[in-house]
Amino acid sequence: MKITTWNINSVRLRMPLVAQFLKDHRPDILCLQETKCRNAEFPFSDFRALGYEHFAINGQKGYHGVAIISRHPIELLETRDFCEKGDARHVSVGVANGGAPLVVHNFYVPAGGDEPDVEINPKFAHKLGFLDEMAEWIVRDRITDGRVVLVGDLNIAPLEHDVWSHKALLQVVSHTPIEVEKLDDVFRAGPWIDAMRRFVPRDEKLYTWWSYRASDWTKSDRGRRLDHILVSEALSNALENLSVLREARSWTRPSDHVPVTISLAV
DNA sequence: ATGGTTGCTTGGCAA
C-alpha cells in the first residue's frame, strides 16, 4: 500500500502535475493539502479518469482545504474542526484492506504567520493552540490504537537536519523551540513513529519544501521538512519504503512542496 | 538585515 502526501497549493491549477504524478507512481491513496477550492469545485472527473474513484474531501473557498483520493473504497470518518474556526484542515478515512482496517488522517496545520510571538501574532497563537488540541485529541480519543497513519503539512521542521541551517532558523516560524516542543508533544501523545526518519538518519538533511522566494531553489538548497508521515506502533514492522520526489520542485509551475510517499506492507 | 514569489482574486492577504 502506497500513501502519498502532497501540499499541492491549488489542486485545480496543478491538476496536470497531479495527473502526471499519479500515472508515474500509482499510489493507492493520495492525501492533498491546500486544495484551495470548495467541494463543488473539486476536479473529481480528472481523478476518475485516472482510476481514482473514491474521495473524502474537506474544502473551502480560496484557502486551506484537504482531500483524500483513493483507488480503493474508503469510508469518510471525520472532518474535525480544530480550534473551531471553520477552517478545512483535517479529514480522515477508513480503508478496508482485507484484514485489519487502516485509518488515515490528513492534516494541514496552520502556518503561523511571520512573527513567532503569541502576544502580537494571533496566527502564531492559533498554530500553537492547534497543536495543543491535536495532542489532547490523540490521547483522549486513543487515535493511535490499531493501524493508523497521520500525514500532512504540519508546517514545522522539528529536527536540526530538517532545515538547511538550524542556527539561522531558530527564530523563524516553522523551526522555533516552542513549535518543536509542541510537535514533540503531538508525537509523544501517540506515541507515533516518525516514518520518514526510519529511512533517513536524523543526522542527514531531509527536506520536502523549498520557498518560492529564491531565484534558483537548487543553488542554495535551502529547504525544510514541513511534511510528515507518522504511523502507529502497529505499523512499525510494515514500513517498507520512503520516496521524497525532489524533482517535482523543478516541474513547470510547481508547488513549493514535493510529494512524499510511504510504502506499507499491509 | 532585507527582500525575494506564488495563488486567489483584482486589492491585499496568506503562505
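Quick caveat: nothing in here was measured; it's all calculated off a predicted structure.
For an aromatic pair to be called close, the ring centres must be under 6.0 Å apart, and A:Trp137 with A:His105 satisfies this.
Atom CG in A:Leu169 sits roughly 14 Å away from atom P in B:dA1 (whole-Å rounding). Summarising the geometry, the separation between CH2 on A:Trp210 and C1' on B:dG4 is reported as 19 Å, rounded to the nearest angstrom. Rounded to an integer number of Å, the gap from A:Leu13 CG to B:dT5 C1' is 14 Å. Rounded to whole angstrom, the span from the CD atom of A:Glu34 across to the P atom of B:dC13 amounts to 18 Å. Going from atom CD of A:Gln33 over to atom P of B:dA15 covers 14 Å, rounded to whole Å. The separation between A:Asp114 atom CG and B:dC13 atom P is 13 Å, rounded to whole Å. Residue A:Asn9 contributes atom CG, which lies 6 Å from atom P of B:dG7 at whole-angstrom precision.
When the options A:Asn106, A:Asn9, A:Asn7 are evaluated for a side-chain hydrogen bond (donor to acceptor under 3.5 Å, both in side chains) with A:Gln33, the one that passes is A:Asn106.
Nucleotides B:dG3 and B:dA15 are separated by 15 Å at their C1' atoms, to the nearest Å. One C1' atom belongs to B:dG4, the other to B:dA14, and the distance between them is 16 Å to the nearest Å. Nucleotides B:dT10 and B:dT6 place their C1' atoms 15 Å apart, quoted to the nearest Å.
Between A:Ser10 and B:dC8 there is a side-chain N or O to OP1 or OP2 distance below 4.0 Å.
Backbone-only contact: A:Arg14 has heavy atoms under 4.0 Å from sugar-phosphate atoms and none from a base. Across all strands, A:His257 comes closer than 4.0 Å to no nucleic acid atom at all (heavy-atom distances).
For A:Arg213, taking side-chain heavy atoms from C-beta onward, the closest of the listed nucleotides B:dG4, B:dT6, B:dC8 is B:dG4.
With respect to the salt-bridge test (charged N to carboxylate O, under 4.0 angstrom), the residues A:Asp185 and A:Lys182 do not qualify.
Using a distance-only test at 3.5 Å, with no hydrogens or angles considered, no donor-acceptor pair links the side chain of A:Arg202 to the main chain of A:Leu159.
Both A:Lys123 and A:Lys61 lie near DNA chain B, and the one whose nearest nucleotide falls closer to the 5' end is A:Lys61.
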I'd like a table of donor-acceptor pairs (distance under 3.5 Å, sequence neighbours excluded) in which one partner is a side-chain atom from residues 42-60 of chain A, with atom names and distances.
{"residue": "A:Tyr52", "atom": "OH", "partner": "A:Pro27", "partner atom": "O", "Å": "2.6"}
{"residue": "A:Asn58", "atom": "ND2", "partner": "A:His90", "partner atom": "O", "Å": "2.9"}
{"residue": "A:Gln60", "atom": "OE1", "partner": "A:Ala88", "partner atom": "N", "Å": "2.6"}

